[in-house]
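Beneath this line is the structure, given in structure tokens, with notes to follow.
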Amino acid sequence: MPAIPREFDGIYRGISEVFPHQAESKDPNENLLARLQQSDRPLRIKLGIDPTGSEIHLGHSIPVRKLRAFQDAGHTAVLLIGDFTARIGDPTGKSEVRKQLTQAEVKANAETYIDQVRPILDFDTPGRLEIRYNSEWLADLDLGKIIELLGTMTVGQMLAKEGFAKRYDQGNPVYLHEFLYPLLQGYDSVALKADVELGGTDQKFNVAVGRDLQRHFGLTPQFGMLLPLLLGMDGSQKMSKSLGNYVGLKEDPLSMYSKLEKVPDNMISDYFELLTKRDLGTLPENPREAQKQLALDVTGQYHGEASAQQAQKDAINLVQGGAGQAEAVPEFSLTAVNFPAKVFYLLGATPLCSSSSDARRQIKGGAVKLEGDKVTDPNVEFASPDELVGKVLQVGKKKFVRLVA
RNA sequence: GGGUCGUUGCCCGAGUGGUUAAUGGGGGCGGACUGUAAAUCCGCUGGCUACGCCUACGUUGGUUCGAAUCCAACACGGCCCA
């Protein structure tokens, strides 16, 4: 494929696939590069997000960052909140049916989403951002229209979609309403007159349906730009909240930094490519050093450089100096604890342990320290908060809490 | 609608009347090691201010001294037939 002109570096960085893709073609309907160069108006770049949870993570940030790259090139980011489709549940990549959400949940989620992408997108330049909700056109779809949509696809085409076929073959339930999802997402592209739709590689089918529907309704079909799925911190599965291998955009600087400084070695380069603007040719040889720079860069994007630097210092102190060194240790108020209190009970009350039973186990396992001293007896008792205030309670190497009144 | 099989702890999956908080694996957590990692080795992995008590094997009842294990109804799902 011909070299990508430098002004499109940001747009073409780290992508997985663009389709349709006729690299040699000058036809703006077959070659995104040609479209970008020939268009006399800002293109409409669609990114749909389903407000199905309240927290978004670095994996979600990738297409959002791409959206920003388009904004910076003068195009219009159309952030589509799938408030209506969220209530169906996208079956993509799911081995089972997703639960349906209530309207209130969806609305609350949508608001926090917008808040979380604020550091990434350009909210200020006029004409660069459009936030839309698909209930706007989906809520009142009449049956005739729905049947028209259903009529554009065959069952065979639907089943060609990997998730469906697999679930069906494995004898798992596939519900009819799930067939509607790709069609509705595609119809969103019709309603928004999207020129490009962004999505993870798992969205290829849905994006392609969007093209078909746009053509069906007499519009120019959109381009699909697919982005790699970010692997989670476990290095083996895609980042997702339910797998617990994620870094949330809302996390405090210290925990964000701590997680990122230990991304598996084989993922460091991908993380730099997808989450930063760093020139990949300049990465340090030493993986440890690279991890630190990555953590600093990404944490800085969400919390500012100063906070990121502080997080780095704290992370080092916490591990090397043990308790008490860092300034950013989260505090835990003893007001929620009844005295006299035994250590295991106290520990169970903090976020350090999931229960008092768990606390006993951790103590037995030799994981617990109070102000640097190992706790071995779960039954040692404290008569009043006074003897605890200011001290640092620790479970394992990285979980700390400073006790306060 | 009919027939048949299935439903176990975070997940998968043993267990078919009596040390059963329930074999095993995965995941998670902790310890050693290390690069604050990976790999490896070891331990833990329902709850309760707790040497005892409580809740757990889809739901609700039943049979039994005693059931996750037997029976019935219901719910949900798979497959086959219509």
Side-chain angles (χ1 to χ4, degrees), chain A residues 94-97 99-100 166-176 178 231-247 254-271 284-296 299 311-323 325-326 328-329 334 336-369 374-385 388 393-400:
Chain A
K94 296 289 161 185
S95 51
E96 47 192 87
V97 196
K99 68 160 187 172
Q100 300 188 16
K166 200 160 142 201
R167 280 163 55 195
Y168 190 69
D169 289 343
Q170 288 179 346
N172 290 317
V174 175
Y175 291 86
L176 286 173
E178 299 180 56
L231 289 182
M233 309 311 301
D234 59 6
S236 59
Q237 289 180 281
K238 83 169 186 179
M239 183 174 281
S240 94
K241 196 174 175 184
S242 51
L243 294 170
N245 59 355
Y246 70 106
V247 180
L254 180 58
S255 83
M256 188 179 256
Y257 181 91
S258 312
K259 286 185 185 178
L260 284 166
E261 70 160 352
K262 52 178 189 180
V263 284
D265 290 3
N266 61 339
M267 289 158 46
I268 295 176
S269 159
D270 286 349
Y271 269 51
E285 296 269 328
N286 182 317
R288 186 77 196 111
E289 184 53 33
Q291 286 175 319
K292 286 183 181 171
Q293 291 183 16
L294 172 71
L296 210 51
T299 307
Q312 182 174 55
K313 278 183 205 143
D314 285 345
I316 291 169
N317 284 337
L318 280 178
V319 173
Q320 292 182 347
Q325 297 283 342
V329 176
L334 292 168
V337 179
N338 297 321
F339 284 87
K342 296 181 175 172
V343 232
F344 81 87
Y345 158 67
L346 169 69
L347 206 52
T350 70
L352 266 27
C353 289
S354 58
S355 66
S356 62
S357 299
D358 181 40
R360 275 179 181 277
R361 282 181 226 118
Q362 296 293 179
I363 293 170
K364 245 180 262 172
V368 178
K369 288 181 184 170
K374 186 179 279 191
V375 177
T376 51
D377 178 6
N379 290 313
V380 289
E381 198 169 80
F382 301 97
S384 79
L388 290 169
L393 195 57
Q394 171 182 4
V395 173
K397 288 173 187 161
K398 346 165 190 157
K399 289 185 288 189
F400 304 82

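Just so we're on the same page: letters track the sequence lines, and every chain starts at 1.
- Between the OH atom of A:Y271 and the P atom of B:A37 there is a distance of 17 Å, given to the nearest Å.
- In this model, a side-chain donor or acceptor of A:D265 finds a partner on the base of B:G35 within 3.5 Å.
- The separation of B:A75 from B:U59, taken at their C1' atoms, amounts to 7 Å, rounded to a whole angstrom.
- Looking only at distances, no side-chain donor or acceptor of A:K342 sits under 3.5 Å from a matching main-chain atom of A:P378.
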**Complete:** For nucleotides 29-34 of chain B, 5' to 3', base contacts (B), sugar-phosphate-only contacts (S) and non-contacts (-) with protein non-hydrogen atoms under 4.0 Å give SSSSBB
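- Listed nucleotides: B:A50, B:C44, B:A37. Nearest to the side chain of A:R361: B:C44.
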Taking distance alone, no hydrogens or angles, what donor-acceptor pairs closer than 3.5 Å link side-chain atoms of residues 348-357 of chain A to residues at least two apart or in another chain?
unit_1	atom_1	unit_2	atom_2	d
A:T350	OG1	A:L347	O	2.8
A:T350	OG1	A:L352	N	3.1
A:S354	OG	A:D358	OD2	3.4
A:S355	OG	A:S357	N	3.4
A:S355	OG	A:D358	N	3.0

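- Counting any heavy atom pair closer than 4.0 Å across all strands shown, A:Q291 reaches a base atom.
- Of the candidates B:A50, B:G46, B:A37, B:A37 carries the atom nearest the A:K262 side chain, counting heavy atoms from C-beta on.
- Remark: A:N266 CG to A:Y271 OH distance equals 10.0 Å, nearest 0.5 Å.
- Between B:C10 and B:U64, the distance separating the two C1' atoms is 34 Å to the nearest Å.
- Straight-line distance between the P atoms of B:C29 and B:G47: roughly 16 Å, to the nearest whole Å.
- At a threshold of 4.0 angstrom between heavy atoms, the contacts of A:P378 with the nucleic acid are absent.
- Under the Watson-Crick and G-U wobble criteria, each requiring two contacts below 3.5 Å, nucleotide B:C74 is paired to B:G58.
- Under a 3.5 Å cut-off, the side chain of A:Q237 and the backbone N or O of A:M239 do not form any donor-acceptor pair.
- Considering every non-hydrogen atom in both A:K374 and A:G366, the closest pair reads CE-O, 3.7 Å.
- Counting to the nearest Å, the C1' atom of B:G28 and the CE atom of A:M233 are 16 Å from each other.
- Summarising the base pairing, B:U64 is matched to no nucleotide, lacking a Watson-Crick or G-U wobble pair whose two defining distances lie under 3.5 Å.
- Judged by closest nucleotide on RNA chain B, A:S354 is the one of A:Y168 and A:S354 placed further toward the 5' end.
- Along RNA chain B, the nucleotide closest to A:P264 and the one closest to A:D234 are compared, and the more 5′ of them pairs with A:D234.
- Taking both residues in full, the closest heavy atoms of A:N338 and A:Y345 are given as N-OH, 3.0 Å, listed atom of the first, atom of the second, then distance.
- Using a 4.0 Å heavy-atom distance criterion, A:N338 is classed as a base contact.
- Remark: A:K313 is not positioned above the aromatic ring of A:Y257, lacking an NZ or CZ atom under 6.0 angstrom from the ring centre and at most 45 degrees off the axis.
- One C1' atom belongs to B:G24, the other to B:G77, and the distance between them is 26 Å to the nearest Å.
- Here the CZ-CG distance, from A:R360 to A:N379, works out to 5.0 Å after rounding to the nearest 0.5 Å.
- B:A38 and B:C33 are spaced 15 Å apart, taking the P atom of each and rounding to whole Å.
- Side chain of A:Y175, nearest nucleotide from B:U49, B:G77, B:G47: B:G77.
- Looking at heavy-atom distances under 4.0 Å, A:S356 makes contact with a base.
- In this structure, A:N266 places its CG atom 11 Å from P of B:A39, rounding to the nearest Å.
- Between A:E381 atom CD and B:A50 atom C1' the separation is 13 Å, expressed in whole Å.
- Across the strands present, B:U40 finds its partner in B:A32; the criterion is a Watson-Crick or G-U wobble pair with both atom distances under 3.5 angstrom.
- At the phosphate of B:C48, OP1 or OP2 sits under 4.0 Å from a side-chain N or O atom of A:S355.
- Base pairing of B:U19 is not made with any nucleotide, judged by Watson-Crick or G-U wobble geometry with both donor-acceptor distances under 3.5 Å.
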